[in-house]
Amino acid sequence: MAENTGLENHRIKSFKNKGRDVEVSLKEKRPQEESLEDSDVDSDFKGVSVKEGGGGNAQSDNAVIQLSAVQAARKLLSSDRNPPIDDLIKSGILPILVKCLEEDDNPSLQFEAAWALTNIASGTSSQTQDVVKANAVPPFLRLLYSPHQNVCEQAVWALGNIIGDGPKCRDYVISLGVVKPLLNFINPSIPITFLRNVTWVIVNLCRNKDPPPPMETVQEILPALCMLIYHTDINVSVNELDVGSFLSDGCSGNCTRRCIMQQSPFPGSSLTCARIPLQTAALRAVGNIVTGTDEQTQVVLNCDVLSHFSKLLTHPKEKINKEAVWFLSNITAGNQQQVQAVIDAGLIPMIIDQLAKGDFGTQKEAAWAISNLTISVTPYYYLVKQDVIPPFCNLLSVKDSQVVQVVLDGLKNILIMAGDEASTIAEIIEACGGLEKIENLQQHENEDIYKLAFEIIDQYFSGDDIDEDPSLMPETTQGGTFAFDPASNMQTKEFNF
């Protein structure tokens, strides 16, 4: 039987799951729609050719003819199916459209040209780069100061597509001064559709983390995050929560996590909001913070966040359950005080319930949460009495090697912690079919898995001592469950149950 002195040598390090990726559109094409400028133009543009939408008339000295030609190009680019972006680029229209952005005395032309360029920039990275190379960014930034709101909004949209192409474009646009005029649009008089676009661009400014945005930019953006995180429009609020999620994600997020915690309000009410997109965004935002240091995790816990989780773990939407368990897996990877907080909140049985009944994605997160508990030296009998072993062992037959290894590590930790009671744990593992699964894993293609399976079999299941000596058989209760002696030889810290 393994001795408790080997516990630390066998224990895997507690694992903080990396931050969640947020599903937000990088680029958006503006669809064909009626505008004031379309009133004199045939709304059926199916017959418009690339030639008509190309150079030629778009350079006409006649303002009416020029506007009509640029509108024709915009309509081609607004087509839902295979817009001829490359053909129009080859026609030489890009420098013409960029020049149209400078026509301050013709805002309708500026608007149409900006719309056309927006849709070109919504295409592939190569097409976006063509717009940048045509030197469109400086005039777009100038249009942010236009007295015509529709022109401003279209410029914001175009810049959002360019920024969304990646860190290089993002940093280029930032270097030209996009942040200040962008944030100036956030005021009570801005139409809600315009505000949604502004916050979407802010999301794109923050989404890339290789490298992350400059700290100066983050510090400029955070006051807007504080202002809008509780906005009544769900799209705006979700966007701002996504900003917080991106900024607090990953190893490079330590500084930004500190800034967010110092300056931003805690989105506690969003965690139990009836609107699922808002709940999901809030979970990811606070969840990415607790992937950081114990100190950062404690700041979140001090906001009474765990009081919301009994509802989240029983939410009818599996996606919410998964995000909630992922969050808790990072808390159970924390220090003794943080693990105790999860226990005190009564959440361990609910995590185990998700381990047993959730979909595979949720079960995977639950396996991490439980395995992290075994690392923190939570008394083994508490977990075992919560009937954790059967659903834990059920995951030994899944195809995901990482999950299998996490479960094996957790089971071995429990066996080591059990000390003289390890034979009781071994009996439970065998009774629920876990032993057979572990034996099969000795043939696993993953070297770490088959070695760990072999070690568990060799140390806890290879002898016949139990069969030969009845005194070593575990006692059972009246209900047929195994009895444990918490005072047996085991290592533990002071946890309360």
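Positions are given from 1, in the same order as the sequence printed here. Every value quoted in this text rests on a predicted model; they were computed, and no experiment measured them. Only heavy atoms go into these numbers, but all of them, side chains included; no hydrogens, no water, no symmetry mates.
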Taking atom [atom1] of [X] and atom [atom2] of [Y], what is their separation to the nearest 0.5 Å?
| X | Y | atom1 | atom2 | value |
| --- | --- | --- | --- | --- |
| L228 | I186 | CG | CD1 | 5.0 Å |
| M417 | T374 | CE | OG1 | 7.0 Å |
| K437 | E439 | NZ | CD | 11.5 Å |
| I438 | E430 | CD1 | CD | 10.0 Å |
| N372 | N330 | CG | CG | 8.0 Å |
| L373 | I351 | CG | CD1 | 6.5 Å |

Using modelled atom types only, decide if a donor and an acceptor are shared between the side chain of [X] and the backbone of [Y] within a distance under 3.5 Å.
| X | Y | value |
| --- | --- | --- |
| N440 | E436 | yes |
| N161 | T118 | yes |
| S397 | N394 | yes |
| T199 | L195 | yes |
| S329 | W326 | yes |
| T297 | T293 | yes |
| T128 | T124 | yes |

Answer yes or no: is there a side-chain heavy-atom contact under 4.5 Å between [X] and [Y]?
| X | Y | value |
| --- | --- | --- |
| L205 | L182 | yes |
| Q279 | H315 | yes |
| L411 | L396 | yes |
| I343 | Y382 | yes |
| P167 | K209 | no |
| N239 | I202 | no |
| V238 | T280 | no |
| V137 | I162 | yes |

Verify whether one side chain among [X] and [Y] offers a donor that lies under 3.5 Å from an acceptor in the other.
| X | Y | value |
| --- | --- | --- |
| T291 | N288 | no |
| D294 | Q298 | no |
| E421 | T424 | yes |
| Q363 | D359 | no |
| N321 | T362 | no |
| N446 | Q405 | no |
| N119 | S78 | yes |

Qualifying residues under ring pair (Phe, Tyr, Trp, His ring centres under 6.0 Å), relative to F309, sequence neighbours excluded =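 F309 satisfies ring pair (Phe, Tyr, Trp, His ring centres under 6.0 Å) with F327 only.
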
More than 12 heavy atoms from other groups under 6.0 Å of CG on N302 =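 Count over threshold, so yes.
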
request  = Would you indicate whether F454, at its atom CZ, is surrounded by more than 12 heavy atoms from other residues, nucleotides or ligands within a distance under 6.0 Å?
outcome  =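 No, not enclosed.
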
request  = Starting from the C-alpha separation in whole Å, work towards a yes-or-no answer on side-chain contact (heavy atoms from CB on, under 4.5 Å) for D387 and I352.
outcome  = CA-CA 8 Å; D387 207 24; I352 294 174; 5.7 Å; no

[X] versus [Y], closest heavy-atom pair with distance:
| X | Y | result |
| --- | --- | --- |
| R170 | N208 | NH1-O, 3.1 Å |
| L76 | P84 | O-CD, 3.7 Å |
| V404 | L395 | CG2-O, 3.9 Å |
| L313 | A324 | CD2-CB, 3.9 Å |
| Y450 | Q442 | CB-O, 3.5 Å |
| V342 | I348 | CG1-CD1, 3.6 Å |

request  = Would you please test D409 and S371 for side chain to side chain donor-acceptor pair (under 3.5 Å) and show each step?
outcome  = CA-CA 7 Å; D409 281 322; S371 192; 5.8 Å; no

request  = List the steps and the verdict of side-chain contact (heavy atoms from CB on, under 4.5 Å) for L435 and I457.
outcome  = CA-CA 8 Å; L435 175 57; I457 296 294; 3.3 Å; yes

query = Between E455 and K451, is the closest basic N to carboxylate O distance under 4.0 Å?
reply =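 Here K451 does not pair with E455 in a salt bridge, since their nearest N and O are not under 4.0 Å apart.
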
inquiry  = Walk me through whether Q127 and S122 qualify under side-chain contact (heavy atoms from CB on, under 4.5 Å).
reply    = CA-CA 8 Å; Q127 291 163 347; S122 73; over 6 Å; no

Test side chain to side chain donor-acceptor pair (under 3.5 Å) applied to S307 and D304, step by step = CA-CA 6 Å; S307 66; D304 196 32; 3.1 Å; yes

request  = Please lay out, stage by stage, how Y460 and I425 fare under the test side-chain contact (heavy atoms from CB on, under 4.5 Å).
outcome  = CA-CA 9 Å; Y460 299 101; I425 305 301; over 6 Å; no

